[in-house]
Each structure stands twice: as structure tokens, then as C-alpha cells.
There are 2 protein chains.
Amino acid sequence: MSELLYVGKRIPRSDGAKKATGRAIYINDLKRPGMLYGAILYSQHPHAIIKSIDLSRAKALPGVRAVITADDVPDIPIGFIKDNRPLKKGKVRSMRDEIAAVAAIDPDIAAEALTLIDVEYEPLPAVFTPEEALAEGAPLIHEKDAKGRPLSDNKLKLPWKLVCGDVEEGKARSKYVVEHEFRTTFVSHCCLGTSGVVAEFDPDKNLTMYSITQIPYLAQGDYLEALKALGLGRSKVRVLCQTIGGGFGSKLDTHCYEFIAILLAYATGKPVKMQFSREEEFLAQATRQPTITTISHGCDVRGRLTFRQVKMLLDNGAYTSWGATTPSVMMVPVSSLYRVPNVLYEAEIAYTNNLYSQAFRGYGNPQATFAVESSMDQLAEAAGIDPVELRLINANQPGETTPQRFKITSCGLTECIEKVRDGLGWEQHQKDKAEGLSVSSHKARGMGMASLIHVGGGARVYRSDGHGMIMKLDDFGKLSVFTGAVEIGQGTESTIRQVVAESVGLPIADVNIVAHDTDICPWDVGTHASRQAFISCNAAIQCGAELKKKLFSLAGEQMKVAPDELDMREGQIFRKGSDDEPMPLLKVLKKAHFSTQGKMVMAETFYDPPNEMLDREMKGNLSCSWAFGCHGVEVEVDTQTGQVKVLNYQAAHDVGKALNPLFIEGQIYGAAVMGTGMALTEELKLDHGHVMNGRFTDYKLLTAKDKLPVTPIIVETDDPAGPYGAKGIGEPGCVPSSPAIANAIYDAIGVRISQLPMTPERVLKAIMEHEK
Amino acid sequence: MSELLYVGKRIPRSDGAKKATGRAIYINDLKRPGMLYGAILYSQHPHAIIKSIDLSRAKALPGVRAVITADDVPDIPIGFIKDNRPLKKGKVRSMRDEIAAVAAIDPDIAAEALTLIDVEYEPLPAVFTPEEALAEGAPLIHEKDAKGRPLSDNKLKLPWKLVCGDVEEGKARSKYVVEHEFRTTFVSHCCLGTSGVVAEFDPDKNLTMYSITQIPYLAQGDYLEALKALGLGRSKVRVLCQTIGGGFGSKLDTHCYEFIAILLAYATGKPVKMQFSREEEFLAQATRQPTITTISHGCDVRGRLTFRQVKMLLDNGAYTSWGATTPSVMMVPVSSLYRVPNVLYEAEIAYTNNLYSQAFRGYGNPQATFAVESSMDQLAEAAGIDPVELRLINANQPGETTPQRFKITSCGLTECIEKVRDGLGWEQHQKDKAEGLSVSSHKARGMGMASLIHVGGGARVYRSDGHGMIMKLDDFGKLSVFTGAVEIGQGTESTIRQVVAESVGLPIADVNIVAHDTDICPWDVGTHASRQAFISCNAAIQCGAELKKKLFSLAGEQMKVAPDELDMREGQIFRKGSDDEPMPLLKVLKKAHFSTQGKMVMAETFYDPPNEMLDREMKGNLSCSWAFGCHGVEVEVDTQTGQVKVLNYQAAHDVGKALNPLFIEGQIYGAAVMGTGMALTEELKLDHGHVMNGRFTDYKLLTAKDKLPVTPIIVETDDPAGPYGAKGIGEPGCVPSSPAIANAIYDAIGVRISQLPMTPERVLKAIMEHEK
């Protein structure tokens, strides 16, 4: 292959200038003619009967155009198992329950109208932990399932189980065994753009959603269901994604507020905007799935893993979004991070009167890896093996198939571990530690490490993992590329642009990405599972090949050369391996177009990766390629305050091929900060279901001022299935932060922190308990 | 063929509700964030040296963001022969000459700033008719041509000549010969939406034009030239057409105001809107080409035409837009309306200091047909043959090739003439006339008739007459159809939708037309020459066939039927000729998509009709099919006032096939009213180059209150090249109105009116002169 012109280069993103100069249109900026503003009244109780709702005062307020409750609208079951409704009827089950909604001519009037709605409640006993929820005699949160069948307890009928080999046999073979419980909590996505939507019906009752969803095509289906409920079965839905201020999985489901916007738009005949405040975003978006994980782990005398057994209990909150399906990814590191022959994974999920959770960068992997990798260090200690050594002994290798039937093709795990080890100065640290140099007065230093495995080549979690693409080359040599990919800040559009320029052979300025419109862009399952660059770029290469075939057939005729002898670079068509004068693309296009029975050059394709859905046993090659990585940190723990300071953060990732190192580093840096936030500071505190810290003054998000000293390390393994060898990297970077830091804290002070976040209070308390 | 479900049906237009409820976004409604408002300073003299322009006071006005003249911008030659500039330098040549432009934060400030610009002129002698312009010693309007070569007179170097057979030989064979001069004048398009545009650069200096052009793809090229002049050779142009409030050819060129918007947007870095007032629209849009036509005509003793000789002199105005090319269409009726063996057509065009003219519904055909068909009645009288009879004797017939080498395939001219004759009650009228019943006191009644020929199957006036199309079928059975067609009120999108629903076999509600965006929709040469339905629907049928091929290949696999045995109707796929249960489209799509290595159904195509460009001799089959028609009117002429009242208006058109009779009738009705306005009331009056009646209070446009009693008559001839047999019908309806009315006036009062419009003043004057 000749030298790459665009792929692998540090090319700034194409949406950068627009965003930096304030020219990008976020949902917050969007106004539609005649637009009304919606507002939602939430519950005042975590669990209560709604005895009555009096809307009369709200309706009488001048400027109010509609006030609705569940009584005014058809039944629209939503959510993963359809146990949720946009507006709640009869009873509330959490503090975020939507009871009524208003549309008014301005946001202040809408807010005032909410204060004029009088609701009478009859409070019910409530449960706020999965253990309470599953206890005998616990108050029942849902009386019936989606099909109307009575429920007798709060256990979600969605059990997850994976059995690989025989853990009992594995235990019997073990020389060393450890067991421990780990807990994670509510964490918010904290997208800088709060949730919002504008719903608009045209006079023919077709619906346009100006949206920020990560799943425009699946959302289209959800909205269509709502239209059917409204009796608009023939209506069409168009989803127009706006510039999105962060996704991180928060936009992988359709939300109550979106359906409420539809209902208000339908009621008023006007476009209706819903735009969350920051407080609303904390309350009524959704969170990471809180987990209680019991893990046990064994190895033989040589440190080879013998088994891994994991039991999880998840807090579902009051309704079921995609959070309830995160065990499908939690079991990935459990079964397949390091070579472990026998695996048993079980997860149970309980309804509570808490907020509900959903998809969040890593999709459960960070919670699971926190347990797996903390436990690995425990096992290393039990076995008297250096934790790095234990990881290297068991590291996955190319060509292996894991117990869950994942086919590891390319794998740079060993290299990642070694690079992190060296980047940290692990060996020197061990020496220093042996000499007692790692503790000075009340400040102790320690190092820790954790690895990760994640899907890196798509993930067939939905029946299609595919991506359609259309290309249209115009008379001026501009190539429009229609993609269903959603740009949520990760640089997808810029990456596709680079790959198209490279693979088609055009100057990058001539590649024009058209996205964010379901009417125009072919189907894509959504921006999730770190799949977007992998899938879209593979689609782009495939579509580009189709385009070039057509182009070279025209050019070949004009140049009197067989089409398959032609190639293009920077818009110049040339005969491969010859020094003949190349033919400019524009010349070929114009000649082909401006003649009798002229021709234009367009192409369309659908790329669907050859990966597999998990079978009934939860096995199968879910992804075409697997991403690996290793994070290592050095921390300083203040034993008087419990404060943990990260001194060095080495983040090595096997990315297959860095399509754009700038973007990869951005992904790694951002994810490591997010992972570290989850590790050290972030918790959405709920007290009896009430959000206690729903603002950025109280919710401790790491920001630029925290200057986390991350060194991104790119390991390239040239994945056979990836576009130019690339694998997904969107999520992995936030997976191993917590265990790496927990292991470093342990290394520093000998205290194992098993619960996130590892706040100063919690660390100090653990130190004091340890010293007892 | 099975019964048609959509084609031929009176289905209301898909944009109707939107337009009727005020939901359509016209350029007038459009606001972009940070948008500035532009305004143009026009000349105060029809011909003058610009001695100085002082911008200082205008620039000092608060709220003004830019004031520019030609001195501030690069040279951007525009127009058909590049003799025009967005802003004039050194000299003005007409009252519409753009001298300076302002961008300000609101339109009032922009208007005020114009009043603060001080221009010093040195007036020059000027010419206001082509005769004056071509006279010896006339002041020179352009000193140089586009290549800088000196010019010595005002004659446009664009002579038009067509020679078919030998007119001298024809004359010699003639038994009867007539000769006469006819004149037409300035007529305005009077689009209800005035001209406007928003030009916006993104931070990467790519340009988006929110436009109302009828030629988005050609305009793209023009704008690109402007960008090159600005040093932005790598920049891209996107044209986004807004809802258009009427076109009629006025938007077939790019205009000075559009380039001025670009220049102001570039100067300010902000989006800039230019929006004409009605007065500006009359002054600075463009008009129909005024003509002076000398025609002579002959026939043999049996009434068979022997020759036709036409000489035209056109007033070009001060700059050259597409008006200068209208002779290419004027020669169509001259050479090919009725069978005439020997034809000589010559046209000369002169620069004047008037406003310039351009494309206008019919593209010169109404002016030419006014002469041809008035003259036919003169010839009938000379030969003593009933005018209807003379037309029937000479009517074109299917299978003929005309002297200009037009291949007449389908032709319903005879039927049109007969239907109009019968609809008018021609024979009874002749009897009444013979009995003196057609005159009562000072009110005389008369009947007249005129036919037409026009391109009906595209027109290869540009090197491509093609149309690209993309189709994308989504999981919900919605078919997005990407078309470059521009909806200017004629119902093109609705027509394409019907044809797609019919030919693909979908419910019409599932067909979604995506248009008006050059980034997304493949190339189309523009909405001109009555080509849009013909070309776009042919493209739709071709693209639909491609789509069905792919769909039936998937369906065939699923249904175990050979794909070519399948067909679809209303979204149900069935085996042709069998009673088997059909397979719903949705089922096929979902099965194909939601499986490993899934498939989606998309298609793209480019349709370019098999018509020919005129050769150097101006011959060739310009259009794939030819439209014919005949209009007949009965008028009442008040001989005391000269007032002409239309009592009956029969308009028969050979449309090949009425894809939607509702739309056809709308086209015929609207065009007949437009043609009648041109005939009786419309004239943009220029006095020494100044517009004297640039408002609707003074410019007499016919409106709904005039209730013209038009009876549209649809004649179907099933054209072999047309989509479902259809031909174009956009322009023909305004072609024969003037001669039909002139002939009826003559029939009523025996006075030939040879100059348009036939106002009461002019009719009365003619009566008085006749009576002398």
C-alpha cells in the first residue's frame, strides 16, 4: 500500500471551528416558528398513590396552551420491558415520576403553571436498596407486569447467567482463592448539554423530532409507537439530530420527556420544546447502574487463573431502561479478561423506589472490572506474585477463543501492561517500597494497575449491527457521504471523512459528511458499544469501493484503460504502477455527465459486521474484534485526610490502528478523567429517593482544573476486521480507572477500598477501621 | 397493465396544507443566528459615469456592519456572456444598476444607510429602443466585450438564424401571402414571493445559500466562481432552496443581489439576508424579452402553408441574461407550429439602457406565437378560408419530422383544435355573425383561436438535461426519494410522489420526497422548459425499477419465487398472475435487515433523456416529445371604451397523459390567466429607463377577482417517451392567449391589434385609426 495521506494523521476535527466559534446549533439554540415551551411536574414522594390532580389553576394562567396528565393521553408503554409511561397514572414510584406537563408561550409561564397544579398524594412505604426491595414483605413497586399479569415481588424477571466450564472444578484445582464484595453507586452522565427536544407535527400529522438522541433510528420506532397510540398509524417520523453536547450512553433510550413533548405538540398543534435545567438533568435523566458484586477468584501455584465466580445484585430503580441489560456487558470482563477457564456469572436486578439507570459509557464494564481487577490484586497478594506478573501470566493472546466464545484476533494486552509498567516505573517503585521510600510522614505513595477487555468491532446487541451509506459525487468533485452515525463529540464525522478521503482518493476538503437526519441517512443502530468508527468506516470503505468501481468504469472508457488497473489519489485518476499523466477527476465527471445519456457517480451500501448475537447461553462472538487496554496509576494518599491524589496516570490502549491519534488521545484522556471521577469523587446521592446533590456545586465532577496527569499510550495491533486495522475506543478508557486507583491506594496504605467513590471520607474511615 | 391507483387521479398536493396554514417557510420567514440585513443602492441615471461615491456617512451610522462598492470587491463577471457585475464600476447603464450595498443589524438601518451614500454622476446620452440603439452614432453602452475587446456598436454578438428549405421558393409557390409587424413589451413575472436570499459562510469558509433559485445546481457553479474570485477556491457551496413563492423563469439565472449577499456575508463574517421590496422586484428582477417581429406567411390555393419568414429585433436591456437566448425557443413555433416546409428565422438583439430581461414562462414562445398565430388569421382571411379550417389543414400529425428536425411522436393538435372549436360554439357563431347577431349596440362579440407547440419532453438547452435520483427504503416502509427537482408551486413533488407510489407499488403516504438541497439531492439541470415532471418522473420510474430489482431479489429468496415473477402494489409483494397470499413489504424488509450480514434496500439512478442539442444550424430533436395545444376565446369588445371582456376561454392541451388532472388544470388555468394578462393588461412601463408603474396598484396583474372563464380541456395522446405517457405542461398554457384574443378582437370589430398589451386605450386608438 502506498503511504497513507489521511489515515493515522493528526487532522483537527471538522466540527471544531464551528463549535469553538459558537456557530454550532445545539438544541438549546433551536427555535421553531410558533414554538411553545414545555415543563414537567415531578412527584413529591418516592412512592405514593396519586389521589387527585387539580389542573384548573394552571390552565387558567394566561399564556398556558395545554396542561396534561396521564388521564388526557392514551396509554404509551415505554422502556426496555414497557413498565414505564411518559406520564404516570394512579401512583408514583420514584421522585422523578412525571405527573403532569404544561406547554406555554414562554418557559417562565410554563414553570409558573407547574406551581399551580395541585396534587394530593397518599404516601406508601418505599424501598431504597435492592436488599430491602427483595426482603420478605417489602412494599410492591409494580403490581403487574407489562402484560397485566400480577407480580408478587420486586425482582426483575430478567435474570442473567453465564456458565463456562465448571467453577467447582476450578476451585478444587486452585492453590489460592480470594473472595470479596465490591459496591458501586449512582453516577450521572453529566453531559454539558442538558436533555432537550422539539417535537413538531406538520399539518399532515407527520412528526419531526429535533433531537439529541444517540439512536435516531431506534428512536424513530419508539416514536412511531407513540403515534400509533395517538391514532396516527399512517404518520411518519423524522428525527433530526442537533449538535449534541455529550452522550455517554444517556441518549441510548427514548425518555419520558420526549414523549411528553410529542403529546404536548399533538395537544396544541404547535412545536413544543422541552429543555431540562441542570437540576432536572440530575433528577430525570438516568444514571449508571449501581451494583453489589461478590467475586471469587482462584489461581494455581504458578499463578494461572483457575476460576472466576461473580454474583451481582443491581438496583434497577423504579422503571426499566437499558441499565437492566448491562449484565450482558458486565459478563464480558468476568468471562474474558485474562485467560480463565471456568466462569460462573449471575446477576439479579431489583426494583426500588430510586431513580432508574441506563446505558453509560462502558455499559457496566467499569462496575464489573472494578471487582475483577481489584480482586486480581487480592489474588496476587494471596499468591505472593507481583500484580503485574500475575496479569502478564494470564494475559489474553491473539488467536484464543475465550470461554464465552469470543474470538480474540488481534490483542495487545501484554504490550499494554508492559508499557504501563514501564511508564509508571513499577520496578523502581517496588525497590523504593522495599526500602520504605514510598511513605513520607502522613503521605503514602502507591501504584496500581488494571486492564480491560471491551467490544472493539461492533457489538451485536440488537439484531442488526449494520450501517447504511450513500455517496454522491457532484460535478465539482465534492463527495457527499450520507451516514447514520451520530456525532456526540467523539469525532466520528471527522474520522469517517478521513477514511473516505483516504480510501476513495479525494482531497479531504472535498468530502462532505451528511448526517443526523433519518429521512436522508440510511439506518444505523446507534452510537453505542464503541462501534461507530469501526462500523461506519468499514461501511465507508465498502461504499467507496462501489463508487470507485463506477467511477473507474467511466474513467477507463475515457482513458482507454481497464477499470481495474485504475486508482485515484487526491482526485487524480491514474493507472496503477505507471507514470502516465493522471486524469483529473473533474474532467472524467464532466465528460461523463455532459454528454448524451450522461452519467453521474453515486453509490450505496449496507455494511453489517460478521459478529454474532449472544445465544441463549450468553455465548457467541459478540464483536468482530476485541479492544484491550491497561491503566496504571501512581497515587499519593494523605492518611490524615483520606485525600487521594493521582500523581501519574498511564493509559495504554490497543486500538488496532489509530485512525487519528488526536482523537484517540482525546477519547483516552476524557474517559480516564470520567473513570477517575467515578473512582474518586462522583456520586449522585439519594436520600430516601430524593436527590441530595443535583447541581455541579455539590456533585463533584472532575474538570479541567483537576489536571489529571494522563499519558495516553497507543498500541497498534492492526486488527484484521477493522477499517485500516482500527478497533473501537469510545468506552474502554473509563473502564479500568477505579480498580487501578483502588489497587494503588492499597499499595500505598494497605487498605482495600471496596466501594465507590473512594472519597476522602470513605478512605479515612477505611484507614481508621483498618487500624482498629 | 392493472388499474392505476395514483397516476391520473385528482390527488391534492402534498404541500397544500403546509402552505394553506402558513407553516411553509419562505425566504421571507427565514432567520439565521446573527443574521444581518442587506440593502442595495441603485443608479439614479439610465446611463452615466460614476464620478465618485462617498460612503463615509453611511459607514458611520450605528448598526451598519459593512458598506461596499465595486472598489471593495474582486471582479466577478456574471450573466450569460459575462457582461454584468454584481456591483457596477465606473459607469451605470440602466436604472437598476447596483452601485453600493449595505449590511446592517436591521432592515431599517440598512435602508437609512443607503440614503447616506453620496454618489456623483456625469449623465451620458442614452437609448431606450433597439432601433435607437442600433442607429448610427448611438451612444455606446458597453465599450468592451467580456474578453476586453473594444465594441463599436450596441449589437449583441449573438445572432440567431434558422434556415429550413427555401423561403423564396415557398413564396413563389404561394397563392396568398401576408406580412405584418407585431410588438411585445416588458412584462414582469410578478412572483408573489419577492426575490431574496441568505448567504452564510461557515467558519471553514464554505458557503450556504438559502435560496429560491430554480437552478440550484447551475447556481452552485456560479457561486463557486464568485468564491474563486474571493480567493476561496477550495470552498464548497451548498444551495438550500426554501419554499418558493413563484418562479416562472425569474429564478433561472443567478442575480446581482445574490452575489451582493455573498460579498456582504464575506465582508462581515455573518449571514446576510437580501430581501426585495415589491418596488425593487419590479425594478431589479428582470422581465420578459420585448420583441419587434416582422412575419410573412404564405399558403397555396388549398390553404397549405408554403413558407414562413420571421425577423425579430429584441431589446436586451443593459446586460445579458437568458432573455438573449429566447430566440432558441422563439424559432420553435416559427419552424414547427403547423406543417410549413420553408422557414427563415432571424433575430437580432440590441443593448439598450433599459432593464434587462430573461427567462419567462414560455421562453419567448408567447411573443413568437403572438406573431405566428395572429398572422395565421390574416392568411386565412386573405385566402378566404375559415381560420379553424386553415389550422386543421396544416395541423402537425404524429410521425412527422418538422423542418427544424423535431420528431413529432404523439400529437393531439387536431383534437385540441376541434375541441376548442366545439367548446366555443364556433359554427353557431359563424352563423350568428353572418346574421349580424354578434354586434349589439356598441358591444361586439368575436371569437379567435391560436395553437401552440412547445417542448414537452425535456429540452437539451444545456449540455445535460438529466436528473439524478436516490431512493432509500427504511425499516418502516417509508421510501425517501431524493430529487434535484425544484418545487416552485407547480406540484412537482406531489407528482413525483404519485408516480413513485404507482411505479414502485407503495401507499402514497409512504413516499417521502426529499428535495431542495444540493448536498443531498443529485444533480438536475433546473426547473425550466416544462421539463420537471417529464424528466423527474422518468427518473423516478427508472430508479424505482432498480429499487424493485433489489427488493424482489430479497423477497424472492424469502418467498422462494423467482424475483422477476414478483411485483408490488400498495406495499404488498405478490407473484404476478397468482392468487397466493402476498407478502407484506415490512416483513421482507425486516427479515432482510435483521439477520447476520443484513441488507437494506436503496437505489440510485441518473436519467438523461435521449434528446439532442440544436446543432450549429439550430436543428435537432431538442425534446423527446412535443406538447401541443389550442386556445380559443370569445370576447366582447366595447367599441366606445376599447374594453375587451373575455366571455369564454377554452384551453385544450395535449398533455400526453394527465398524471394528476387537478395539477394540469391548475397549470392551464394559471397560465391562461398569465397569458391573458400579457395580452390585455400587463406592461412594465419604462420612461427613459425609469420604471413608471412598479407596484401592484399601477401594474395591472390579473387576479382572482377577474374570474377568467377558463375551461381546461385535457387531451391525452399517451406519449411513448413520457412517464405513463405524460408530457410537459408547465409553460404551454400561456403561449397562445395573446393571438387567440387578438384574433377574437379582429373577429369582433375587424381591427387587428399588433401590439401588446391590448389595453382599452390601444384598442380604442386602433378602432379610431381604423375608422379614419
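Chain naming here is simple, since letters A, B, ... match the order of the sequence lines and numbering starts at 1 in each. Being a predicted model, the structure only gives us computed values, none of them experimental.
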pair B:Tyr217-A:Asp475: side-chain heavy atoms closer than 4.5 Å
no
To check you understand the geometry: which heavy-atom pair defines the closest contact between A:Arg23 and B:Gly269, and what is its length?
NH1-O, 3.7 Å
Okay, A:Lys550 and chain B: the region with an atom under 4.5 Å from a heavy atom over there is side chain
Contact check, side chains of A:Lys236 and B:Phe476, non-hydrogen atoms, under 4.5 Å
no
Please state whether the side chain, the backbone, both or neither of A:Met469 comes within less than 4.5 Å of a heavy atom of chain B.
backbone
Rounded to the nearest 0.5 Å, what separation is found between the CE atom of B:Met602 and the SG atom of A:Cys543?
7.5 Å
Nearest 0.5 Å please: distance from the CG atom of A:Leu224 over to the NZ atom of B:Lys478.
8.0 Å
For A:Ala17 and B:Asp204 the tightest heavy-atom approach is CB-OD1, 3.9 Å
Side chain / backbone / both / neither for B:Leu473 at chain A, heavy atoms under 4.5 Å
neither
4.5 Å side-chain heavy-atom contact, B:Asp608 and A:His593
no
Report yes if the side chains of A:Asp474 and B:Thr518 come closer than 4.5 Å at any heavy-atom pair, otherwise no.
no
Is it the backbone or the side chain of A:Ala20 that comes under 4.5 Å from a heavy atom of chain B, or both, or neither?
neither
More than 12 heavy atoms of other residues, nucleotides or ligands under 6.0 Å from NZ of A:Lys619: yes or no?
yes
Below 4.5 Å from any heavy atom of chain A, which atoms of B:Asp510 appear? Answer side chain, backbone, both or neither.
both
CD/A:Glu557: more than 12 non-hydrogen atoms of other groups inside 6.0 Å
no
With chain A, the option among B:Pro609, B:Gly16, B:Gly598 that has the most non-hydrogen atom pairs under 4.5 Å is B:Gly598
Option in B:Pro522, B:Ser480, B:Ala509 with maximal non-hydrogen atom pairs under 4.5 Å from chain A:
B:Pro522
Would you find more than 12 non-hydrogen atoms of other residues, nucleotides or ligands less than 6.0 Å from B:Lys407 atom NZ?
no
Indicate yes or no: at least one non-hydrogen side-chain atom of B:Ile470 is less than 4.5 angstrom from one of A:Glu604.
no
In terms of heavy-atom pairs under 4.5 Å with chain A, which of B:Asp519, B:Ile25, B:Thr21 leads?
B:Asp519
Between B:Gln220 and chain A, which part of the residue has a heavy atom less than 4.5 Å away: side chain, backbone, both or neither?
both
Under 4.5 Å from any heavy atom of chain B, what part of A:Thr596 do you find: side chain, backbone, both or neither?
both
Counting only heavy atoms closer than 4.5 Å, note whether B:Asn512 contacts chain A via side chain, backbone, both or neither.
side chain
For each of A:Lys472, A:Arg238, A:Arg463, tally heavy-atom pairs with chain B at distances under 4.5 Å, and name the one with the top tally.
A:Lys472
Measure A:Ser595 against the heavy atoms of chain B and call it side chain, backbone, both or neither at under 4.5 Å.
backbone
Applying a strict 4.5 Å limit to non-hydrogen atoms, the region of A:Pro610 in contact with chain B is both
Proximal component of B:Tyr462, with respect to chain A [non-hydrogen, under 4.5 Å]
side chain
With a 4.5 angstrom heavy-atom cut-off, could you sort out which part of B:Ser235 is near chain A: side chain, backbone, both or neither?
neither
Should the heavy atoms of other residues, nucleotides or ligands under 6.0 Å from NZ of B:Lys19 be counted, would the total exceed 12?
yes
